[in-house]
A.B. asks: 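Just passing along the structure, written as C-alpha cells.
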Amino acid sequence: MIKTDILVIGAGIAGASVAALLSETKSVIILDMEGRAGYHTTGRSAALFSENYGAPPIRALTRASRAFFADTPSGFCESPLLAPRGFIQLARADQMEKLQQFAKSGRGLQELSIAELQNQLPYLNTSNIVAGILEAAAADIDVNALHMGYLRQAKNNGARLLCNQNVTALDYSGTIWSLATDKNRYQAPLVINAAGAWADEIAKMAGIEPIGLQPFKRTAAVVQFDKPIDRGMRFLNDIDENWYCKPEGSNLFLSPEDEIASPPCDAWADDFDVASVIERITHVLDLKPVRVESSWAGLRTFAPDRIFVVGFEPAATGFFWLAGQGGYGIQTAPASAALAASLVLNESLPYHLEEQNLDAGQFSPDRFR
Ligand SMILES: Cc1cc2nc3c(=O)[nH]c(=O)nc-3n(C[C@H](O)[C@H](O)[C@H](O)COP(=O)(O)OP(=O)(O)OC[C@H]3O[C@@H](n4cnc5c(N)ncnc54)[C@H](O)[C@@H]3O)c2cc1C
C-alpha cells in the first residue's frame with residue numbers, strides 16, 4: 001500500500017498541470033493507465049490558443065491563461081510556449097450572418113477585405129469565400145513543451161508519475177480513499193479525477209453519480225498538397241465549423257471538425273472523414289491533394305452545458321473533479337489548474353483569475369446535483 005496526500009488520476013494536461021501546482025505543498029502521485037503521459041487527447045490536439053473560442057467562462061479561462069503562456073516562469077521550458085499564428089474565420093455569402101454575429105461576440109478581431117484575404121492566402125478560391133475575420137493574437141501552443149514542463153515541475157517538487165497503472169477500483173473508508181490499479185494499491189485523503197474521457201467511469205467506480213460527460217470523436221490529418229503551404233499561413237476556420245486547417249511544415253494540418261459521440265476509447269480516424277475534409281478544403285483553397293501523411297482522432301469530452309467541471313463532488317468527501325475540458329483543455333490549462341489548486345487548498349482565487357471575473361461556482365459539479 002502506497003500512501004500520499006493526493007492521488008491524481010490521469011496524466012494528460014489536466015492531471016499534469018494541477019499536480020505541478022499542488023506538489024509545491026503536498027505529496028502527490030499521478031496515476032495513468034497508459035505507458036506514457038499524454039497518450040490520449042492531450043497528445044492529439046490542434047494546439048491552438050484563441051481567446052474567441054468557446055462559451056464566455058471558457059474564454060475567461062483562456063484570457064487568464066495568456067500571462068502564463070506569454071511570460072512562462074523561468075526553467076519551465078526551453079523555448080516560448082506560444083508562436084504567432086493568427087486565426088481567420090472564413091465565410092461564404094450564405095454564412096455572412098454567422099460571421100457578423102461572431103464579430104460582435106469576439107475580442108481583438110479585425111475584418112479583412114477580399115484583397116487582404118487574397119494577399120494572405122494566395123490559393124484562396126474567391127468565387128466561394130467572400131469575407132474573413134482575423135484574430136491576430138491567436139497563436140500555436142507548443143503542447144509537448146507545456147505538458148512536459150508541468151510534469152517536470154511536479155517531479156522537481158517531489159511528485160511521482162506512475163504509468164501503466166489502470167485504476168480499477170476506488171473505495172472511501174470514512175477518512176481515506178483507497179485506489180486499486182492492476183499493479184498496486186494506493187491511499188490518500190484526496191483524489192483528483194482528471195481522467196479525461198473516462199472521468200465519469202472513475203466516478204461510477206467510486207460509487208458517485210456521473211456528471212453526464214460525453215466524449216466526442218474529432219478527426220485530424222496532415223496532408224501533402226500539390227503546392228507547398230506557406231509556413232506562416234494563418235489558422236483557417238470555416239465559420240460554421242465544417243473544417244479547419246493550418247500549416248504543418250509545408251503540408252496542411254486539417255480537421256473536418258467532426259463531433260461524433262463515442263464511448264471512452266483509443267479513438268482512431270476514419271478514412272472517409274479525412275477524405276471529406278480534403279474535399280471541403282479544396283473548394284476553399286485552390287490545391288490538389290497528393291498524399292495523406294498521417295491521420296488520427298481524439299476524444300473531446302464535454303459536460304452537458306459545455307463548461308468545465310472543476311470542484312469537489314458534493315456527495316463525497318475528498319473527491320475532486322477536473323474534467324470536461326472539451327476542445328479547450330490546452331489553452332486553458334494554466335488557469336484551470338490555478339482554479340483547481342485554489343479550491344483544493346481552500347485558498348482565494350489567484351488575482352489573474354479574479355481579474356477576468358471568474359467565479360468558481362460556474363465550474364462547480366454542484367450545478368448537476
Ligand atoms: C483533434 C483535437 C483538437 C484539439 N484542439 C485543441 C486546441 O487547439 N486547443 C485546446 O486548448 N484544446 C484542443 N483540444 C482539446 C484538448 O486536447 C483537451 O481538452 C485536453 O487534452 C484534455 O486533457 P485531459 O488531461 O483532460 O485528457 P487526456 O489527455 O485524455 O488525459 C486523461 C488521462 O487519464 C488517463 N486515464 C483514464 N482512465 C484512467 C484509469 N482508469 N486509470 C488511470 N488513468 C486513466 C488516460 O490514460 C489519459 O492519459 C483538441 C482535442 C482534439 C481531439
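Order of listing sets the numbers, starting from 1, for every ligand and every atom in it. All values derive from a computational prediction rather than experimental measurement.
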A.B. asks: For ligand 1, is any non-hydrogen atom under 4.0 Å from Phe253's backbone (N, CA, C, O), its side chain (CB onward), both, or neither?
C.D. replies: neither

A.B. asks: Quickly, which of Val284, Val130, Ile239 forms a side chain to side chain contact (heavy atoms under 4.5 Å, CB included) with Leu90? Name it, please.
C.D. replies: Val284

A.B. asks: Examine the proximity of ligand 1 to Ala194 and report which part, side chain or backbone, both or neither, has a heavy atom under 4.0 Å away.
C.D. replies: backbone

A.B. asks: Are Thr62 and Glu51 linked by a side-chain donor-acceptor pair shorter than 3.5 Å?
C.D. replies: no

A.B. asks: Check ligand 1 against Gly10 and write out every atom of the ligand that is under 4.0 Å from a heavy-atom position of the residue.
C.D. replies: 33 (C), 34 (O), 35 (C)

A.B. asks: Just jot down the ligand 1 atoms closer than 4.0 angstrom to any heavy atom of Ser45, in number order.
C.D. replies: 2 (C), 3 (C), 4 (C), 5 (N), 6 (C), 13 (C), 14 (N), 17 (O), 50 (C)

A.B. asks: Give a yes/no verdict on a cation-pi contact between Arg160 and Tyr186, requiring under 6.0 Å between NZ or CZ and the six-membered ring centre and an angle within 45° of the axis.
C.D. replies: no

A.B. asks: Give the residue and atom name of whichever protein heavy atom lies nearest to atom 18 (C) of ligand 1, and the separation in Å to one decimal.
C.D. replies: Gly326 O, 3.5 Å

A.B. asks: Distance-only check: which donor-acceptor pairs under 3.5 Å involve side-chain atoms of residues 142-150, not counting sequence neighbours?
C.D. replies:
from, atom 1, to, atom 2, distance (Å)
Asp142, OD1, Ala145, N, 3.0
His147, NE2, Ala11, O, 2.8

A.B. asks: Counting only heavy atoms closer than 4.0 Å, does ligand 1 sit against the backbone of Gln165, its side chain, both, or neither?
C.D. replies: backbone

A.B. asks: Is the shortest N/O to N/O distance between Tyr39 and ligand 1 below 3.5 Å?
C.D. replies: no

A.B. asks: For ligand 1, which atoms have a heavy atom of Glu34 less than 4.0 angstrom away?
C.D. replies: 47 (O)

A.B. asks: We want to know whether Thr168 and Asn166 form a side-chain donor-acceptor pair, criterion being a heavy-atom distance below 3.5 angstrom.
C.D. replies: no

A.B. asks: Should you measure from each heavy atom of Asn166, which atoms of ligand 1 turn up under 4.0 Å away?
C.D. replies: 40 (C), 41 (N), 42 (N)

A.B. asks: Any N or O on Thr219 sitting closer than 3.5 Å to an N or O of ligand 1?
C.D. replies: no

A.B. asks: I need the atoms of ligand 1 closer than 4.0 Å to a non-hydrogen atom of Leu48, numbered in the order shown.
C.D. replies: 7 (C), 8 (O), 9 (N)

A.B. asks: Assess Ala47 for proximity to ligand 1: is some non-hydrogen atom of it under 4.0 Å away?
C.D. replies: yes

A.B. asks: Among protein heavy atoms, which lies nearest atom 11 (O) of ligand 1, and at what distance?
C.D. replies: Gln331 N, 2.8 Å

A.B. asks: Would you call Arg306 and Glu259 a salt bridge, using N to O less than 4.0 angstrom?
C.D. replies: yes

A.B. asks: Ion pair present between Lys246 and Asp140, side-chain N to carboxylate O less than 4.0 angstrom?
C.D. replies: yes

A.B. asks: Which heavy atom of the protein is the closest neighbour of atom 51 (C) of ligand 1, given with residue, atom name and distance?
C.D. replies: Arg300 CG, 3.6 Å

A.B. asks: Where does Tyr328 meet ligand 1, judged by heavy-atom distances below 4.0 Å: at the side chain, the backbone, both, or neither?
C.D. replies: backbone

A.B. asks: According to the interplanar angle, ranging from 0 to 90°, do the rings of Tyr244 and Phe235 count as parallel (below 30°), tilted (30 to 60°) or perpendicular (above 60°)?
C.D. replies: tilted

A.B. asks: Look only at the side chain of Arg218 and the backbone of Pro256, and say whether a donor-acceptor pair between them is shorter than 3.5 Å.
C.D. replies: no

A.B. asks: In the protein, which heavy atom is nearest to atom 27 (O) of ligand 1, and how far is it?
C.D. replies: Gly196 CA, 3.7 Å

A.B. asks: Under a plain distance cut-off of 3.5 Å, with no hydrogens placed, do Thr282 and Glu279 share a side-chain donor-acceptor pair?
C.D. replies: no

A.B. asks: Looking only at distances, can you tell me whether any N or O atom of Ala11, backbone or side chain, sits closer than 3.5 Å to an N or O atom of ligand 1?
C.D. replies: no

A.B. asks: So which of Asp32, Ile9, Thr332, Thr42 gets nearest to atom 35 (C) of ligand 1, if we judge by its closest heavy atom?
C.D. replies: Asp32

A.B. asks: When you look for heavy atoms under 4.0 Å from ligand 1, do you find them on the side chain of Pro264, its backbone, both, or neither?
C.D. replies: neither

A.B. asks: Please determine whether a side-chain nitrogen of the Lys or Arg among Lys217 and Asp258 lies less than 4.0 Å from a carboxylate oxygen of the Asp or Glu.
C.D. replies: no

A.B. asks: Any carboxylate oxygen within less than 4.0 angstrom of a Lys/Arg side-chain nitrogen, looking at Lys227 and Asp286?
C.D. replies: yes

A.B. asks: Would one find more than 12 heavy atoms of other residues, nucleotides or ligands at under 6.0 Å from atom CD of Glu347?
C.D. replies: yes

A.B. asks: Just say parallel, tilted or perpendicular for the rings of Tyr172 and Trp177, cut-offs at 30° and 60°.
C.D. replies: tilted

A.B. asks: Is the NZ atom of Lys183 crowded by more than 12 outside heavy atoms at less than 6.0 Å?
C.D. replies: yes

A.B. asks: Just need the protein heavy atom nearest to atom 45 (C) of ligand 1, so name the residue and atom and give the distance.
C.D. replies: Met33 CG, 3.7 Å

A.B. asks: Quick check on contacts: which atoms of ligand 1 are under 4.0 angstrom from a heavy atom of Tyr244?
C.D. replies: 3 (C)

A.B. asks: To check your reading of the model: name the closest protein heavy atom to atom 12 (N) of ligand 1, its residue, and the distance in Å.
C.D. replies: Gly327 O, 3.0 Å

A.B. asks: Name the closest protein heavy atom to atom 38 (N) of ligand 1, giving the residue it belongs to and the distance to 0.1 Å.
C.D. replies: Trp198 CB, 3.4 Å

A.B. asks: Between ligand 1 and Ile330, is the shortest N or O to N or O distance under 3.5 Å?
C.D. replies: yes

A.B. asks: Less than 6.0 Å separating the ring centroids of Trp296 and Tyr39?
C.D. replies: no

A.B. asks: I need the atoms of ligand 1 closer than 4.0 Å to a non-hydrogen atom of Gln325, numbered in the order shown.
C.D. replies: 19 (O), 26 (O)

A.B. asks: Under a 4.0 angstrom heavy-atom cut-off, which atoms of ligand 1 come close to Gly12?
C.D. replies: 25 (O), 29 (O), 31 (O)

A.B. asks: Of all the non-hydrogen atoms in the protein, which one sits nearest to atom 42 (N) of ligand 1, and at what distance?
C.D. replies: Val167 N, 2.9 Å

A.B. asks: What part of Ile202 sits under 4.0 Å from ligand 1 if we count only heavy atoms: the side chain, the backbone, both or neither?
C.D. replies: side chain

